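When a residue number appears, it is its place in the shown sequence, counting from 1. Quantities reported herein were computed from a predicted structural model and do not represent experimental measurements.
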Amino acid sequence: MIDFEIPQFSILKKPPKTLFSIGNNALLKTKMVSIVGTRRPILYTKEQTLKLSSAFSSIGYTIVSGAAMGVDALAHTGAFPNTIAVMAN
């Protein structure tokens, strides 16, 4: 369970009461960018997603995405280990 405040939640009308995490919680305190997209990307989209996520990761950003196949998975691959997967409850 996360035991610190996440400032980004202050703009939400109904922020989650509880968050659970596995992994490096320090990533929640870094600069973040979200990359999401189709589950069936074409070759160009695959290449650009990997390049973009890797580029952001290399300058200190954490990539936030879902946990679906396709663009989500590619974003995590390109940014690893600076990546956060968001999963529904």
Side-chain angles (χ1 to χ4, degrees):
M1 194 159 69
I2 296 175
D3 60 354
F4 55 87
E5 186 176 320
I6 298 175
Q8 295 88 334
F9 284 176
S10 66
I11 63 170
L12 300 177
K13 290 181 182 179
K14 291 185 175 182
K17 293 178 179 145
T18 306
L19 286 178
F20 296 93
S21 70
I22 298 172
N24 184 358
N25 284 342
L27 292 175
L28 295 169
K29 297 179 181 179
T30 65
K31 297 175 287 185
M32 295 178 237
V33 64
S34 182
I35 298 176
V36 295
T38 183
R39 292 182 183 196
R40 295 184 183 93
I42 61 174
L43 180 60
Y44 175 80
T45 303
K46 291 177 184 179
E47 292 170 349
Q48 295 306 309
T49 300
L50 287 168
K51 284 182 186 178
L52 184 64
S53 59
S54 178
F56 270 112
S57 180
S58 71
I59 59 171
Y61 280 79
T62 296
I63 302 302
V64 180
S65 193
M69 63 183 183
V71 168
D72 291 7
L74 291 164
H76 294 301
T77 299
F80 190 80
N82 299 327
T83 180
I84 296 173
V86 178
M87 298 180 207
N89 56 1

Quiz item: Looking only at heavy atoms, what is the nearest atom pair of Met87 and Ala67, with distance?
Solution: CG-CB, 4.0 Å
Quiz item: For the atom pair CZ (Phe80) and OG (Ser57), what is the distance rounded to the nearest 0.5 Å?
Solution: 10.0 Å
Quiz item: Should Val86 and Leu12 be regarded as members of a common hydrophobic cluster, given that ILVMFWY residues are connected when their side-chain heavy atoms come within less than 4.5 Å of each other, either directly or indirectly?
Solution: yes
Self-check item: Approximate separation, where rounding is to 0.5 Å, of Leu74 CG and Thr77 OG1
Solution: 6.0 Å
Self-check item: Spatial distance of atom NZ (Lys29) from atom OG1 (Thr62) [nearest 0.5 Å]
Solution: 12.5 Å
Quiz item: By the rule that ILVMFWY residues connect when side-chain heavy atoms come within less than 4.5 angstrom, directly or transitively, which residues belong alongside Ile63?
Solution: Val33, Ile35, Leu52, Phe56, Ile59, Tyr61, Val71
Quiz item: If you look at every heavy atom in Ser21 and Asn25, which pair is closest and at what distance?
Solution: OG-OD1, 2.5 Å
Quiz item: Ignoring hydrogens and geometry, is there a side-chain-to-backbone donor-acceptor pair from Ser54 to Lys51 under 3.5 Å?
Solution: no
Quiz item: If you take all heavy atoms of Gly66 and Ala85, which pair is closest and at what distance?
Solution: O-CB, 4.2 Å
Quiz prompt | Non-hydrogen atoms of Val36 and Ser65 that approach each other most closely | solution = CG1-OG, 3.9 Å
Exercise. Please collect all ring pair (Phe, Tyr, Trp, His ring centres under 6.0 Å) contacts where either partner lies in residues 28-47, sequence neighbours excluded, each pair once.
Key: none
Quiz item: When rounded to the nearest 0.5 angstrom, what is the spacing between CD1 in Ile84 and OG in Ser34?
Solution: 10.0 Å
Quiz item: Considering all heavy atoms of both residues, which atom of Pro7 and which atom of Ser10 are nearest to each other, and what is their separation?
Solution: O-OG, 2.8 Å
Quiz item: Side-chain heavy atoms under 4.5 angstrom apart, residues restricted to Ile, Leu, Val, Met, Phe, Trp, Tyr: same cluster for Val64 and Phe9?
Solution: yes
Quiz prompt | Nearest-0.5 Å distance, NE2 of residue His76 to OG1 of residue Thr49 | solution = 11.5 Å
